[in-house]
Every structure is written in structure tokens, then in C-alpha cells.
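Values below: every heavy atom of this structure, side chains too, minus hydrogens, waters and symmetry copies.
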2 protein chains.
Amino acid sequence: MVQIPNQQPAQRSVPTSADVARLAGVSRATVSYVLNNASAVRISEPTRRRVHDAARELGYVPHAAARSLRAGHSRMVLMPTSEIPMGPLFGRFFNELQWALSRLDYTVVQYASLGMTGEDAARAWAELRPVAVLAPDASALGPRGVTVLKRSGAKAVFTLGPQRVEGAHALLMDGRRVGEAAALHLLARGRRRIGAIVPTEPGLEIFSRPRVEGLRRAVGTAHITGASVTELPLAHTEESAAALAARWRSLGLEAVFAYNDEYAMLVMRALQDEGIAIPEEAAVIGSDDLMLGRLLRPRLSTVRIELPSGRGLAELVDRVVRDPGAGPEVHDVLAADVVHRESS
Amino acid sequence: MVQIPNQQPAQRSVPTSADVARLAGVSRATVSYVLNNASAVRISEPTRRRVHDAARELGYVPHAAARSLRAGHSRMVLMPTSEIPMGPLFGRFFNELQWALSRLDYTVVQYASLGMTGEDAARAWAELRPVAVLAPDASALGPRGVTVLKRSGAKAVFTLGPQRVEGAHALLMDGRRVGEAAALHLLARGRRRIGAIVPTEPGLEIFSRPRVEGLRRAVGTAHITGASVTELPLAHTEESAAALAARWRSLGLEAVFAYNDEYAMLVMRALQDEGIAIPEEAAVIGSDDLMLGRLLRPRLSTVRIELPSGRGLAELVDRVVRDPGAGPEVHDVLAADVVHRESS
DNA sequence: TTGAAAGCGATACCAA
DNA sequence: TTGGTATCGCTTTCAA
């Protein structure tokens with residue numbers, strides 16, 4: 001650790017608009033008019049300049065809290081972050097959304113409320129008085145949480161994940177679509193007895209459950225004799241995958257749907273190391289269409305997921321903020337289709 | 001899209017502590033005392049209950065802006081997010097840090113200031129009057145930005161990345177360590193002419209430049225005749241990798257350091273498809289020790305990066321917030337060592 | 001034990 | 001064109 005001598009003297013206190021007014025020799029009102037380009041009043045050019053100069057000299061920055069307190073509302077969009085890291089797919093969507101919202105002049109803020117759940121978390125969020133809340137995890141919110149947020153003045157409450165919650169708008173990302181697409185593909189290719197990898201990592205079940213459920217449902221409604229789904233818990237480790245591969249033949253399965261491409265890679269490698277031929281002895285399909293799937297040999301079949309454009313959602317949020325009267329809307333936004341390569 | 005009829009009637013206005021006071025039949029002061037468990041004053045038990053009941057009935061949530069305005073300070077730690085998504089390594093570190101800070105009773109908020117740069121961004125952050133700012137990208141801040149933040153009352157300004165900036169504390173993550181480790185390893189294994197993959201993706205050069213620089217430096221100071229470093233630009237696509245592989249033999253290189261494991265995988269696959277033996281004809285080493293490296297054949301050698309514990313940093317931040325007097329400290333926190341597997 | 005009131009910083013109405 | 005001032009919601013000192 002390197003110590004660098006402190007060069008700045010004792011902090012002057014933080015400059016306020018009153019300081020700017022004093023230095024410029026005008027009233028605080030005038031400062032406000034000038035700095036906000038108030039169109040209702042005309043301020044003379046010399047005064048404008050004096051105010052701007054004073055503000056620059058003092059390094060004045062307006063106080064967002066004071067401003068929104070006075071205004072009675074803010075343009076803050078709160079996006080609670082969940083602990084589970086999002087993949088590249090969701091990450092890109094998030095970034096796009098954020099960018100689009102800031103284009104619409106919203107201040108997007110991510111707030112991690114680690115450890116809390118439901119109403120507690122909602123209360124913590126509500127203290128910030130956001131104009132909109134976009135929550136990725138509906139279950140960690142609940143109808144009570146939605147009520148708390150709305151009571152605190154939030155005009156729009158959206159959930160973004162695989163679940164919805166009463167009272168909130170929903171961008172429903174129905175993971176069952178993914179499982180269904182995988183099931184139809186595998187069945188069409190003559191596979192009957194299908195294994196479903198279920199990650200044991202905590203937090204992931206919110207995403208994995210619907211996928212398996214969709215797989216189950218599609219296999220069930222296909223009415224093909226002998227068709228079945230077997231859940232295979234798997235940790236994100238080589239050992240776990242090796243253990244699964246070791247008992248693969250005893251399971252009597254013909255195919256495996258692997259939650260996502262990373263788990264698919266893990267499983268495929270373990271099966272190959274066990275001498276099991278892919279896709280002959282075991283068809284493998286993943287999900288999310290990651291780059292790595294194309295680099296595997298055989299190339300990995302996968303379910304490609306399509307999320308809506310962040311811009312569209314940003315406009316939707318804006319619309320709801322401006323007209324909160326309408327009831328909650330549910331948008332079904334996840335599309336899934338199979339990219340067939342060599343592993344299935 | 002499904003429309004659900006709006007069940008809630010017109011929003012009542014957001015309840016304030018005055019509303020709670022009115023309903024409980026006490027003064028606002030008493031409400032504040034009760035809800036904040038003020039130890040300086042004793043409030044009778046019946047009054048406490050009346051206040052709590054009233055607050056619950058109204059769904060009262062305190063107004064953070066008003067509170068911090070009155071208090072003159074907040075406990076908000078601002079973490080500006082960069083557009084480039086962070087990998088699992090940095091992501092884990094970030095999560096840990098966030099958690100540790102919230103344990104210390106800070107409100108951690110991520111704020112994306114997309115599009116702005118330097119002072120503009122700093123001003124936007126300063127409006128929120130955070131008590132501390134942890135910026136991952138020093139270059140998008142600059143000494144001026146640091147000044148703006150400090151003037152606005154920030155007690156601690158940290159940069160977290162590969163660069164530092166004057167006036168701010170730094171958790172320096174010196175990527176040159178990574179390149180150095182890779183170079184020493186490859187040289188020790190008898191490789192002389194080394195290629196360095198440089199991602200062409202914008203934003204990544206902040207991380208890739210130092211790694212290549214470290215590689216260069218280590219190769220240079222080794223004083224081994226014939227040792228050289230050749231930069232190889234590469235996009236994150238199969239085509240780009242295939243093009244590189246096609247001209248590999250004409251490059252006359254013996255080894256390649258691939259920025260990180262993902263690019264290593266991309267390159268390795270392309271080389272293998274071109275019939276180039278690994279590691280015989282081309283030694284490959286990546287970085288970040290991702291799971292996928294262990295799943296490749298040959299198994300991927302990699303540079304493992306060790307970041308400090310989030311808890312430690314959280315305590316450091318807390319210390320600086322409590323005692324901002326001391327000058328900025330520079331902590332060198334990145335450790336790198338080689339995990340030798342089969343590809344080198 | 002409780003209440004009245006000042007004041008944090010910025011804005012917008014009304015007067016001058 | 002500019003200034004005085006009330007106000008947003010909350011905390012805290014001082015009085016009662």
C-alpha cells in the first residue's frame with residue numbers, strides 16, 4: 001500500500017444554490033431560473049453569465065434529494081438486482097433497457113437488497129420513492145410488496161422474470177417455452193426417454209423449474225408411448241458431471257436437455273470421457289445459444305431464446321408512468337426456437 | 001398482451017409522518033422518535049403502539065430524500081456501472097463487496113451513466129450526494145471528476161480497475177501481472193515467439209492493453225535471444241478465429257496468450273480445425289481460470305487471477321469514510337499465477 | 001412524556 | 001427582470 005500525502009486542505013462545505021446566489025449577487029430564485037433554463041421568465045444575459053460563472057467557480061452541483069423533495073416526484077427507475085449473476089443474454093437485454101430508459105430522461109438505478117425478502121425489500125426500495133420499479137424476481141416481491149411500492153408513489157411496477165405477481169405489470173419470460181422447444185425437437189428426432197439436467201445451485205431453480213416443467217408438459221401431451229422425463233440434479237463441477245456420466249448407461253436414457261449451454265458442455269464432456277457416443281448414445285441439447293456451443297465437437301444443439309428489445313420495454317414503462325390508470329398488463333415476451341447442430 | 005381490469009381505486013396520496021401523527025393522535029416529533037427508536041427520549045408504551053399501528057395501517061414508508069436532506073448526509077455508496085459486462089470473476093467480487101457494504105449499513109446503488117464521460121458523469125453522480133463512490137473505470141472519471149465528487153461531499157472516492165487517477169484511492173488491478181505470468185510460463189517451457197490475442201471488441205482494450213504490456217515487458221526483460229511478442233487482433237467470432245488459424249503457420253509463432261479463456265477456446269478450436277497440434281505446434285494459454293478451460297481437450301492452461309475479498313474492501317471504504325483526512329491510498333490487489341494444464 | 005418550530009436545499013408562485 | 005417566501009418530509013433542539 002502506498003501512502004500519498006494529502007494535498008487538499010480541509011474540505012470547504014458543499015456549495016448550495018444560496019452560495020451561488022451570494023457570489024453572483026442575485027437571489028436563489030434567479031439562480032434556479034438560470035440553471036434550469038426556466039422558460040417562464042426572462043433573465044438578462046449579464047445576470048445569466050454571472051450566475052453560470054459563480055456556479056462553475058464554486059463547483060456547484062444541484063442536490064437531487066432536495067430537488068425531488070420539492071418537486072414531489074422523481075424520475076428514478078429502480079431495478080433491484082438479484083444475487084444470481086445474469087448471463088450474457090439477460091445482461092445484454094438489461095443494458096439495452098437501461099440505455100433506452102436514460103434516453104427517455106429517466107435515472108436508472110440498481111439497488112441490491114441482499115438478504116431481505118418480500119415486503120422488507122419493497123419497503124427499502126420504497127424509501128427511495130422511485131417513479132417505477134422493474135423487478136427481475138417476482139417471488140421476492142409478492143403482492144404485498146407491490147402494494148407497498150404503489151402506496152409509496154411508484155407509478156409503474158413491473159416484474160421481468162419467469163413469474164408474475166398480482167397488481168404488477170409483467171414482462172413474462174416463460175421458461176416453459178424453452179423446455180417445450182427442446183422436447184419437441186428431441187421427440188421429433190426419435191428420442192423417447194429424456195433426461196433433464198437440473199442445476200443444484202441455489203437461486204437457479206427459478207429459471208430451471210419452468211424449463212423442466214415445459215419439457216414435461218410437451219412430452220406428456222405428445223402421447224408417445226415410452227416417452228418419459230427424468231430429472232438429473234447436477235452441480236456446476238466436473239465431479240458432479242463425472243458421477244452422472246458414470247451412471248448414464250444404467251439410467252437407460254436416450255437424450256438429455258441440459259438447462260443451458262454451460263451445463264450442456266459440462267455433461268457432454270463427462271459423457272465423452274466415459275466413452276459414450278454423442279449423439280448416437282446420448283443426444284444433448286442446451287439452451288441460450290452461447291458461442292461456446294459452436295466450438296464444441298460435436299457442435300452443440302441449443303434452444304435460442306429471443307428477448308424483446310430494451311427500447312420497446314422502455315417505451316412501455318414510460319407509457320405506464322404517464323398513464324398509471326390502466327390495469328396491469330401481462331406481456332409474453334420470450335420466444336424460443338431450436339438451433340439444430342450435431343449433438344442431437 | 002392481456003389486460004387485467006384495474007381493481008385499485010384512485011391512488012390516495014402517499015402517507016407522510018404527519019399522516020401517521022394525525023391518525024395516532026400525536027405530534028410528528030413523537031412519530032419520529034418512535035419509528036427511529038430514539039434513545040434520547042422515553043416514549044410510553046401505549047403511545048408507541050398507537051404510532052406503530054397507525055404507520056402499519058397507512059403503509060407508511062419514510063422518505064429517504066427528506067431524511068438525508070435533513071441529516072445532511074447519506075450512507076449511499078455509488079457504484080457506477082460500465083457498459084462492458086463483467087465476467088464471473090469480477091461479478092463475484094462485486095457481489096461480495098456489495099454484500100459486505102450493506103452489512104456495514106451502507107445503501108449500495110449502481111448507477112449507469114451511459115453515454116456521458118468524465119466530468120459530466122461525475123456531476124450526475126454528485127447530484128445523488130453519495131458518501132462514497134466506487135468507480136470501476138478510472139479513465140471515465142479523471143482528476144476533474146474526482147474533484148467534482150469530493151466537492152459534492154463524497155468522503156471516499158475509489159477506482160477499482162487497471163488504472164488509477166489522481167486524488168482518488170485506488171484498488172489497482174494491474175493486468176500486467178497476468179501477461180507477465182503467462183510470459184514467464186511460456187518462456188520457461190521453451191517457447192520464444194509468442195502471439196498475443198487482442199480482442200477487437202470496443203471497451204475491452206482497457207483490460208487487454210495491460211495484459212499485453214505485461215507480456216511484452218516480461219519477454220523483454222528475460223533477455224532471451226529470439227524471444228518476441230506479436231499482437232494478433234481477434235474478434236469474438238468463429239470467422240475471425242478461422243482467419244487467424246489459416247495464417248497461423250505463416251506467422252511462425254510457437255505460442256499464443258489469449259487474453260482470457262473464452263478467446264483461448266475460440267483460438268484453440270480454430271487451430272485444431274486447421275489441423276494444428278496443441279501444444280506441439282502451438283502452445284495456448286488463457287486467463288481467468290473459467291470452468292470451460294477444464295473441459296477442453298487438451299485441457300486449457302490458464303492464468304488464475306485472485307481478487308481481494310469484498311469484505312476487506314468494504315472495511316477499507318468504511319475506514320476512509322470515517323476518516324477522510326488521510327491522503328489517497330493505492331492498493332495493489334491483483335495476484336496472478338499460472339495453472340498449468342495440457343495446452344502449453 | 002410530548003409538542004412546537006426551525007431548518008436541510010431547491011423551486012415556483014406572487015409581488016415588486 | 002428579479003426577489004421574497006412558502007413548501008416538500010423529516011429530524012432534533014428547546015419548551016412545556
Whole angstrom value for the distance that separates P of dG9(D) from NE2 of H63(A)
17 Å
Which comes earlier along DNA chain D counting from the 5' end, the contact point of L69(A) or that of A29(A), where each point is its nearest nucleotide?
A29(A)
Out of dT2(D), dC10(D), dT11(C), which nucleotide sits closest to the side chain of R28(A)?
dT11(C)
Calculate the interatomic distance between D19(A) atom CG and dC8(C) atom P; express it in whole Å.
11 Å
Rounded interatomic separation in angstrom, taking OH from Y60(B) and C1' from dT11(D)
10 Å
Applying a 4.0 Å non-hydrogen cut-off, can you work out what T30(B) is touching in the nucleic acid: base, sugar-phosphate, or nothing?
sugar-phosphate
Using a 4.0 Å heavy-atom cut-off, does V26(A) contact any base of the nucleic acid, only the sugar-phosphate backbone, or nothing at all?
sugar-phosphate
Choose from dG3(D), dG9(C), dC10(D) the nucleotide whose nearest atom is closest to any side-chain atom of R70(A).
dG9(C)
Between R67(A) (CZ) and dG9(D) (P), how many Å, whole number?
18 Å
Protein-nucleotide distance (I43(B), atom CD1; dT12(D), atom P), rounded to Å
13 Å
Return the 5'-most residue of the pair G25(B), R129(B) with respect to DNA chain C, ranking by each residue's nearest nucleotide.
G25(B)
Does a side-chain N-to-carboxylate-O contact under 4.0 Å join R56(A) and D53(A)?
yes
Once you round it to whole Å, what is the distance between C1' of dT1(D) and CZ of R48(A)?
12 Å
Please give, in whole Å, the distance from dA4(C) P to Y33(B) OH?
13 Å
Does the pair R319(A)/D323(A) count as a salt bridge with the N-to-O cut at 4.0 Å?
no
Gap between atoms CZ and P, on R22(A) and dG9(C) respectively (whole Å)
11 Å
Identify which nucleotide among dT11(D), dC10(D), dA10(C) has an atom closest to any side-chain atom of N36(B), counting heavy atoms from C-beta outward.
dT11(D)
Count the heavy atoms of every other residue, nucleotide or ligand shown that sit under 6.0 Å from CZ of R311(A), and state whether that count exceeds 12.
no
Counting neighbours of CZ on R144(A) that are heavy atoms of other residues, nucleotides or ligands and sit closer than 6.0 Å, is the number greater than 12?
no
Residues R92(B) and E96(B) bridged, charged N to O under 4.0 Å
no
With a 4.0 Å cut-off on heavy atoms, is T47(B) in touch with a base, just the backbone sugar-phosphate, or nothing at all?
sugar-phosphate
